[in-house]
Visitor: 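Before we start, here is the structure in question, set down as structure tokens.
Positions are given from 1, in the same order as the sequence printed here. Remember, it's a predicted structure, so these values are computed and weren't measured experimentally.
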Amino acid sequence: MLSRNDFNQERNAMKKLRFGILSTSSIAPRFIKGVRAAKSCEASALASRNLEKAQEKAALWNVPKAYGSYEELLRSNEIDAAYVAMINSAHYRYAKMALEQGKHVLCEKPFTLSVQESRELFALAREKGLFIMEAQKVLFLPVVQKLKELIRSGSFGAIRMADFSSSFDPGYNTWFFDAEKGGGPLYGNAIYSLQLMQYLFDCRVTDWSGLCTKSQARVENQFSLSLLMENGLLFTNKTSTAVTTAHTGYLYGENGYIEIPDYWKARKAILHYPGQEPVILEYPCEHELMYEVLHVEQCIRKGLTESPLMTEDMTVNAIKVLNAIQKMWFS
């Protein structure tokens, strides 16, 4: 068996996994920092639809290579894996193109805008022996891993209810209220709590209802959802671009409850047991995307085509639920 030092030396000697970033959006520099924090990976190239913009951002973020089109980057030999992070409606097209060019894929949420497109991408990845995954950083955070252990141990008894709230200003994304581009907070934000719950409790959402208010562009600007899981757990999600909410998740059990500040990027959780002082779990991290990147790297080095944690089934079921909710609001 390798000693810890031998393992670290062997890991350091491995060729770094090279990521290409398909976007110069606001999440791109955060992803690049996460890649660099992972040590065993590197951000080798980025692309924009405009070469001048790509070169400007590459210089700003210290990325070695810039491309003036996504297609050119995907055809290059500069990368092993593509990080697909442009507007929601373009995810399917460029994730598919990346696979066809022999590149592994990490695709931002929402993975695609339809069940059929999602199934097709996973099937293509299996056919080509390439890895593909929906980007869901929340699942890989150390505090979430610890909470799953606590829930499984029965520390809080059965978790019966949960509640999540968030809000944000979408002004930095001009496409966000364009329905044709997959805009709106439903696809962008409800999916965090949906995937978190599917992961923590290893079961699907089976029923849902909810209301929204709408922008002039026929896209929701805030909503309140109620969702029921296979195990009987009922949870809510409230998200707004119109007001500021508490950015917190709560999991309510028979023997206390769990508070998760900034649940989609959580660094800590507060455990509330009856008659006791709260217990605080803290996992400081400068770049939370690092954990997701490390998971992707490990899966690729093992030759996997699908993550054992963020699975095809989870991705497809989430899109099915969100499609149904959107249809209920806008049909």
Side-chain angles (χ1 to χ4, degrees), residues 19-23 25 27 31 47 49 69-71 73-75 79 81-139 173 175-195 198-199 204-206 208 218-220 227 292 296 299-300 304-331:
F19 279 95
I21 296 93
L22 275 69
S23 178
S25 64
I27 197 171
F31 181 77
R49 291 169 294 174
S69 76
Y70 304 135
E71 292 84 354
L73 172 56
L74 292 175
R75 288 194 299 266
I79 66 168
Y83 174 58
V84 178
M86 66 283 287
I87 62 173
N88 294 344
S89 59
H91 288 182
Y92 165 75
R93 176 184 176 186
Y94 288 104
K96 182 178 181 181
M97 188 181 299
L99 293 171
E100 289 172 339
Q101 293 296 327
K103 307 300 192 293
H104 304 286
V105 174
L106 175 62
C107 184
E108 264 303 330
K109 47 78 187 164
F111 187 70
T112 71
L113 296 177
S114 79
V115 168
Q116 180 179 349
E117 289 176 346
S118 294
R119 289 289 193 199
E120 183 181 331
L121 290 178
F122 279 100
L124 182 59
R126 284 192 293 272
E127 177 187 322
K128 292 189 172 290
L130 295 166
F131 178 80
I132 192 168
M133 190 184 85
E134 174 186 325
Q136 275 293 343
K137 62 183 179 183
V138 62
L139 307 190
N173 286 324
W175 60 270
F176 193 82
F177 287 114
D178 187 335
E180 292 185 0
K181 294 180 179 178
L186 178 69
Y187 283 121
N189 286 70
I191 199 165
Y192 278 128
S193 61
L194 207 163
Q195 296 294 29
Q198 290 193 133
Y199 173 69
R204 297 182 180 187
V205 170
T206 59
W208 48 85
R218 281 185 53 80
V219 173
E220 73 283 350
L227 304 103
E292 179 179 67
V296 170
C299 289
I300 290 172
L304 303 181
T305 60
E306 178 184 345
S307 165
L309 300 185
M310 183 60 240
T311 65
E312 175 183 1
D313 184 69
M314 289 169 64
T315 290
V316 169
N317 192 59
I319 293 299
K320 175 184 174 182
V321 171
L322 297 181
N323 282 171
I325 292 169
Q326 189 183 62
K327 183 177 180 181
M328 177 175 65
W329 290 341
F330 293 99
S331 61

Visitor: Keeping the roles fixed (side chain from Lys320, backbone from Val115), state whether a donor-acceptor pair exists under 3.5 Å.
Guide: no
Visitor: Donor-acceptor check, side chain of Glu312 to backbone of Glu306, threshold 3.5 angstrom: yes or no?
Guide: no
Visitor: Out of curiosity, Thr112 OG1 to Arg119 CZ, how far, rounded to the nearest 0.5 Å?
Guide: 11.0 Å
Visitor: Would you give the length of the straight line joining atom CZ of Phe122 to atom OG1 of Thr311, rounded to the nearest 0.5 angstrom?
Guide: 7.5 Å
Visitor: Side-chain contact test, heavy atoms from C-beta onward, threshold under 4.5 Å: evaluate it for Leu121 versus Glu117 and give yes or no.
Guide: no
Visitor: Can a donor-acceptor pair be found, under 3.5 Å and without considering hydrogens, that links the side chain of Gln195 to the backbone of Gln136?
Guide: no
Visitor: Show the nearest heavy-atom pair for residues Ile191 and Glu134, with the distance to one decimal.
Guide: CD1-OE2, 3.5 Å
Visitor: With a 4.5 Å limit on heavy-atom distance, are the side chains of Leu22 and Leu74 in contact?
Guide: yes
Visitor: How many angstroms lie between atom CG of Leu322 and atom CD of Gln326, to the nearest 0.5 angstrom?
Guide: 8.5 Å
Visitor: Could you tell me whether the side chains of Glu71 and Tyr94 share a donor-acceptor contact shorter than 3.5 Å?
Guide: yes
Visitor: Taking His91 for its side chain and Pro110 for its backbone only, find out whether a donor-acceptor pair lies under 3.5 Å.
Guide: yes
Visitor: If every non-hydrogen atom of Ser118 is compared with every non-hydrogen atom of Thr315, which pair is closest and at what distance?
Guide: OG-CG2, 4.2 Å
Visitor: Do the non-hydrogen side-chain atoms of Tyr187 and Asn323 ever get within less than 4.5 Å of each other?
Guide: yes
Visitor: Can you name the nearest heavy-atom pair linking Ala47 to Tyr70, along with the distance?
Guide: O-CE2, 3.4 Å
Visitor: Can you name the nearest heavy-atom pair linking Met314 to Leu309, along with the distance?
Guide: SD-O, 3.1 Å
Visitor: Are the side chains of Glu108 and Val84 in contact, using a 4.5 Å heavy-atom criterion?
Guide: no
Visitor: Looking at every heavy atom in both Ile300 and Phe131, which two are closest together, and how far apart are they?
Guide: CG1-CB, 3.7 Å
Visitor: Should we count CZ of Arg49 as having more than 12 external heavy atoms under 6.0 Å?
Guide: no
Visitor: Minimum heavy-atom separation for Leu113 to Ser89, with atom names?
Guide: CD1-CA, 3.8 Å
Visitor: If you measure from CG on Leu130 to CD on Glu100, what distance do you get to the nearest 0.5 Å?
Guide: 11.0 Å
Visitor: With rounding to the nearest 0.5 angstrom, report the CD to CD distance, Glu120 to Gln116.
Guide: 7.0 Å
Visitor: Could you go step by step and tell me if Glu292 and Leu106 meet the side-chain contact (heavy atoms from CB on, under 4.5 Å) rule?
Guide: CA-CA 10 Å; Glu292 179 179 67; Leu106 175 62; 4.1 Å; yes
Visitor: Are Tyr199 and Val138 side-chain neighbours, meaning at least one heavy-atom pair lies under 4.5 Å?
Guide: no
Visitor: State the NE2-CD1 distance between His104 and Ile79, to the nearest 0.5 angstrom.
Guide: 10.5 Å
